[in-house]
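Just so you know, residue 1 is the first one in the sequence shown, and it goes up from there.
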Amino acid sequence: MDLLLDTADLAEVEHALQYYPIKGVTTNPTMLSRLEQTHVLSHLKAIRALIGDERDLHVQLMARDRETMIREAHHLATQLGEQTFIAVPVTEVGLSVIKQLAQEGLNITASTVFSTIQGILAMLSGARYVAVFYDRMLNLDIDAGRVIKELAGLLWTNTSSAQVLAASFRNVAEVTNAYASGAGSCTVRPELLSTGLAMPSIKKAVQDFADDWKKVYGDKTLLEL
């Protein structure tokens with residue numbers, strides 16, 4: 001079970017590295033469109049420098065034709081390192097690109113997955129991650145949990161090395177439901193992680209323990225006892 005951070009913000013990445021057990025970072029075209037056009041690759045390199053060579057960095061291709069998509073993929077892999085996952089939308093053209101790049105040994109994330117059949121086709125084409133867009137599916141009255149469960153079951157049955165990567169969350173409950181449905185990984189916006197730890201009951205429990213300790217030991221720590 002893995003956790004990835006869904007952001008292109010350098011400050012958010014740096015904060016998450018300090019506090020959360022993240023395996024990598026996912027970006028998307030909307031995030032990157034907020035940057036100055038000439039700075040996209042340098043910004044991705046800055047993210048890579050922060051997370052190190054051992055963590056995953058997911059970047060989606062933006063070309064629409066097969067040949068240019070493949071050239072983009074090679075460019076990203078060369079510039080950003082071996083642990084770069086090339087995100088490819090699961091369309092007919094996308095499946096052709098996934099097959100080609102997987103045969104070449106590149107790491108592929110199949111993106112924009114809304115259905116079980118999309119996920120199956122992506123897995124059979126060689127994708128390492130199948131990115132299921134959880135909340136967008138719910139908005140379309142698609143049972144995202146069922147799709148994740150079906151794909152996870154197929155992966156287990158066929159002993160595939162691919163993983164279901166659940167993405168696009170509106171709230172913490174969707175994240176936990178995705179994991180419970182069988183997602184091997186979830187990519188989560190930083191604010192949702194903070195929300196998950198912001199319950200008043202957590203703060204109260206910590207404070208109650210501190211108050212009880214202080215009544216007996218004052219400001220002493222375990223180092224002094």
Side-chain angles (χ1 to χ4, degrees), residues 1-36 39-62 76-77 79-88 107-113 127-138 144 148 152 162-207:
M1 187 168 65
D2 294 320
L3 171 68
L4 291 90
L5 192 71
D6 194 27
T7 185
D9 185 284
L10 296 178
E12 290 177 343
V13 172
E14 190 168 15
H15 178 85
L17 288 170
Q18 184 175 0
Y19 293 104
Y20 297 106
I22 66 168
K23 185 178 185 289
V25 170
T26 60
T27 64
N28 64 48
T30 300
M31 296 173 188
L32 298 177
S33 70
R34 301 187 183 112
L35 306 173
E36 293 184 33
H39 292 171
V40 172
L41 187 57
S42 62
H43 191 87
L44 291 170
K45 287 183 176 180
I47 295 175
R48 169 58 72 200
L50 278 175
I51 66 176
D53 294 333
E54 71 280 4
R55 289 187 177 88
D56 301 344
L57 175 59
H58 298 244
V59 183
Q60 182 164 315
L61 302 179
M62 286 312 302
L76 290 172
Q79 295 293 321
L80 300 174
E82 291 184 4
Q83 283 304 111
T84 301
F85 283 76
I86 309 301
V88 183
N107 295 317
I108 307 299
T109 298
S111 182
T112 63
V113 173
R128 288 277 305 280
Y129 283 102
V130 177
V132 175
F133 280 20
Y134 196 98
D135 189 68
R136 294 194 186 195
M137 295 166 72
L138 296 184
I148 291 173
Q163 282 196 52
V164 176
L165 170 60
S168 178
F169 296 111
R170 187 187 299 272
N171 54 55
V172 174
E174 291 179 353
V175 178
T176 56
N177 287 338
Y179 276 126
S181 297
S185 303
C186 288
T187 183
V188 183
R189 299 195 315 274
E191 60 267 28
L192 289 185
L193 297 178
S194 300
T195 298
L197 298 177
M199 289 183 289
S201 55
I202 298 174
K203 183 177 181 180
K204 183 179 184 304
V206 172
Q207 188 60 52

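Using a 4.5 Å heavy-atom threshold, the side chains of Leu17 and Leu50 count as touching. Put simply, the side chain of Leu41 reaches to within 4.5 Å of the side chain of Gln79, judged on heavy atoms. When side chains are defined from C-beta on, Ile108 counts as touching Val88, because their heavy atoms get closer than 4.5 Å. Side-chain contact check for Ile86 versus Thr109: every heavy-atom pair is 4.5 Å or farther apart.
Contact between Ser111 and Gln60 at its shortest, heavy atoms only, is OG-OE1, 3.1 Å. The minimum heavy-atom distance between Leu165 and Tyr129, with the atom names listed, is CB-CD2, 3.8 Å. Taking each heavy atom of Gly182 and Ile148 in turn, the nearest pair found is C-CG2, 3.9 Å. The shortest heavy-atom contact between Gly184 and Tyr179 is O-CE2, 4.5 Å. Closest of all the heavy-atom pairs between Met31 and Ala8 is SD-N, 3.6 Å. Between Gln83 and Asp53 the shortest heavy-atom distance is CG-O, 3.3 Å.
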| query | Can Thr27 and His58 be said to form a side-chain contact (heavy atoms from CB on, under 4.5 Å), step by step? | reply | CA-CA 6 Å; Thr27 64; His58 298 244; 5.7 Å; no
| query | Which is it for Leu4 and Ser185 under the side-chain contact (heavy atoms from CB on, under 4.5 Å) test, yes or no, and what are the steps along the way? | reply | CA-CA 7 Å; Leu4 291 90; Ser185 303; 3.9 Å; yes
| said: As a quick check of understanding, evaluate side-chain contact (heavy atoms from CB on, under 4.5 Å) for Leu44 and Val59, giving each step before the final call. | reply: CA-CA 9 Å; Leu44 291 170; Val59 183; 3.9 Å; yes
| field | Derivation and outcome, side-chain contact (heavy atoms from CB on, under 4.5 Å), residues Leu193 and Leu3 | value | CA-CA 10 Å; Leu193 297 178; Leu3 171 68; 4.2 Å; yes
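Side-chain atoms of Asn107 come within 3.5 Å of backbone N or O of Glu82 as a donor-acceptor pair. Looking only at distances, a side-chain donor or acceptor of Arg48 sits under 3.5 Å from a matching main-chain atom of Arg55. With Arg189 contributing its side chain and Leu5 its backbone, the two residues share no donor-acceptor pair below 3.5 Å.
Evaluation of the side-chain hydrogen bond (donor to acceptor under 3.5 Å, both in side chains) test over residues 167-177, restricted to residues two or more places apart or in two chains, returns Asp135-Arg170. Sorted by first and then second residue, the side-chain hydrogen bond (donor to acceptor under 3.5 Å, both in side chains) pairs involving residues 11-21 (not counting sequence neighbours) are Thr7-Glu12. Screening residues 18-27 for salt bridge (Lys or Arg N to Asp or Glu O under 4.0 Å), with sequence neighbours left out, gives Lys23-Asp56.
The environment of Glu54 atom CD is dense: over 12 non-hydrogen atoms of other residues, nucleotides or ligands sit within 6.0 angstrom.
For the atom pair CG of Leu192 and CG of Leu197, the computed distance is 11.5 Å after rounding to the nearest 0.5 Å.
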